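We count ligands from 1, going down the list as the structure has it; atoms in each ligand are counted the same way. The structure presented is a predicted model; accordingly, all values stated were derived computationally and were not measured. These values consider heavy atoms only, across backbone and side chains, with no hydrogens, waters or symmetry-generated copies. Numbering of residues begins at 1 and proceeds along the displayed sequence.
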Amino acid sequence: MARTRTQVAIVGAGPAGLLLGQLLHRAGIDATILERRSAEYVLGRIRAGVLEQGTVDVLEQAGVAARLHAEGLVHEGVEIGFEGRRHRIALKSLVGKAVTVYGQTEMTRDLMEARAACGARTVYEAGDVALHDWAGSHPRVTFRHGGESHEIDCDFIAGCDGYHGVSRASVPLERRQEFSREYPFGWLGVLADVPPPWSELIYANSARGFALASLRSPTRVRCYVQCSLQDKVEQWSDARFWDEFRRRMGEEVADLVTLAPSIEKSIAPLRSYVVEPLRFGRLFLAGDAAHIVPPTGAKGLNLAVSDVYYLHEALRDHYREGTERPLDEYSPRCLRRIWKAERFSWWMTRQLHLFPGDAFALRMQRTELEYLFDSHAAQFSMAENYVGLPFDEAARA
Ligand SMILES: Cc1cc2nc3c(=O)[nH]c(=O)nc-3n(C[C@H](O)[C@H](O)[C@H](O)COP(=O)(O)OP(=O)(O)OC[C@H]3O[C@@H](n4cnc5c(N)ncnc54)[C@H](O)[C@@H]3O)c2cc1C
């Protein structure tokens, strides 16, 4: 068994794990990242693309925002389509902030390159990762790599290994409380190399179900339609997808992309989920390992960023002060922001999707949307949440 030591063992090299590694490196704290997949596989996953201002600020602080500023697209509003009309929520003029469109894949690539440049250790294709003694004072992580067994001694373990990872699952059920909601539909997403004919995201509530016109760059669109949980990707040819998108989005928007061949197509279920607490002895959960939001509010990636920002502050202050206080604050501090993002994502999902067979919900949905389009206060509230609520200040000793 090959034995090494680090201060923080990070499980998972998604955005949460890589960003935590980068923030800790800049704070002078040593970390090793263990990732089950290869680097190429991680970079091939098509996921989020809308960054809050707070996320951009953290990436700047982490020293990985140069390409983001050069290539990211700043959006000062979003549109909502309903009953044949489009209504703009003017984010910037309402709350003074905008969002930036920059693919999660690009952000991941920037973080991987920064990590390689500083020589920090990342083990890709680490198999059978297992967490030990996290409830005591000497945690360890074991794994298999290159046909050999390895063990890392550490001060802390950061579980950044997503919803299906090993970190949360290592904590006995009786020590954690889970809150969840499954939605009766999924999102079918298509990526296509075609210049977006829309300049801002358009969320459409139509009688046939939800659709979203989004983008990843000036030459690439990302579009979604609400679909059944029983649907398989093979049932959705490109022609069927674009036809459905066009019917839901309206032809004046959809016409320009309806001939585009897809370069990626996938179905994701929609779920709300939170585990409490986020700290178990010397194990800390962050990102999708701790919570899931339906993607309607574009909050999943952004929440992962605020979690690891709080976690790096807690670890930094702990090493400086030599006290438990910053570590004790981590979970309640994160959960305050997580629940607000859960509420907003749930609200957006409720207002924009078709919930079959619920006539009362349909009337309430129409009433909510009419109120939103007519009320400055309601638009302000949506804008304030969409651009991202401010981070909590860390309590100082
Ligand atoms: C299809 C899809 C679309 C999405 N769209 C949006 C969107 O539009 N907007 C938005 O804000 N969010 C979106 N999200 C959510 C967003 O992508 C996630 O919130 C974000 O990836 C969370 O980052 P993370 O690092 O916490 O988790 P992940 O990105 O899941 O990374 C976890 C990492 O841990 C690794 N891992 C897992 N198990 C182990 C193990 N046992 N050992 C070692 N490594 C392990 C995984 O391979 C992975 O690399 C979407 C998610 C999906 C799936």
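Screening R5, R282, R140 for a salt bridge (charged side-chain N to carboxylate O under 4.0 Å, His left out) involving D155 leaves a single residue, R5.
Contact atoms of ligand 1 toward G14: 25 (O), 31 (O), 33 (C), 49 (O) (distance under 4.0 Å to a heavy atom of the residue). Under a 4.0 Å criterion applied to the non-hydrogen atoms of C160, ligand 1 contributes the atoms 32 (C), 33 (C), 34 (O). Close approach of ligand 1 to R45 (heavy-atom distance below 4.0 Å) involves ligand atoms 46 (C), 47 (O), 48 (C), 49 (O). For ligand 1, the atoms lying closer than 4.0 Å to a non-hydrogen atom of V11 are 42 (N), 43 (C). Atoms of ligand 1 lying under 4.0 Å from any heavy atom of L34, numbered from 1 in the order shown and given with element: 43 (C), 44 (N). Listed by number with element, the atoms of ligand 1 under 4.0 angstrom from any heavy atom of G162 are 27 (O), 30 (O), 32 (C). Listed by atom number, the atoms of ligand 1 under 4.0 Å from G300 heavy atoms are 10 (C), 11 (O), 12 (N), 19 (O). Residue G165 approaches ligand 1 through these ligand atoms, each under 4.0 Å from one of its heavy atoms: 38 (N).
Taking atom 37 (C) of ligand 1 as the reference point, the nearest protein heavy-atom neighbour is D161 O, 3.1 Å. Atom 24 (P) of ligand 1 has as its closest protein heavy atom A16 CB, 3.9 Å. Scanning all protein heavy atoms for the shortest distance to atom 8 (O) of ligand 1 gives A48 CA, 3.6 Å. For atom 42 (N) of ligand 1, the nearest non-hydrogen atom of the protein is V129 CG2, 3.7 Å.
Between F185 and F355, the ring center distance clears the sub-6.0 Å criterion.
D57 is listed as a side-chain neighbour of Q53, based on a closest heavy-atom distance under 4.5 Å. Side-chain contact between I202 and V253: present, with at least one pair of heavy atoms (C-beta onward) separated by less than 4.5 Å.
Looking at every heavy atom in both residues, D317 comes nearest to P326 through CB-CG, 3.7 Å.
When the heavy atoms of V141, L285, V50, D288 are ranked by distance to atom 22 (C) of ligand 1, first place goes to D288. Atom 23 (O) of ligand 1 has its nearest heavy-atom neighbour, among S167, P15, G287, in P15. Taking only non-hydrogen atoms, the option from K299, E35, R36 nearest to atom 40 (C) of ligand 1 is R36.
The pair E83-R366 meets the salt-bridge criterion, with a side-chain N (NZ, NE, NH1 or NH2) lying under 4.0 Å from an Asp/Glu carboxylate O.
Of the N or O atoms in R47, one or more lie within a sub-3.5 Å distance of an N or O in ligand 1. The shortest N or O to N or O distance between Q104 and ligand 1 is below 3.5 Å. At a 3.5 angstrom cut-off on N or O pairs, R37 does not count as close to ligand 1.
Note: Y273 and Y163 have perpendicular aromatic rings, judged against thresholds of 30 and 60 degrees for the angle between ring planes.
The NZ atom of K299 lies 7.5 Å from the OH atom of Y386; values are rounded to the nearest 0.5 Å.
V50 is connected to L270 through a chain of hydrophobic side-chain contacts under 4.5 Å among Ile, Leu, Val, Met, Phe, Trp and Tyr, so both are in one cluster.
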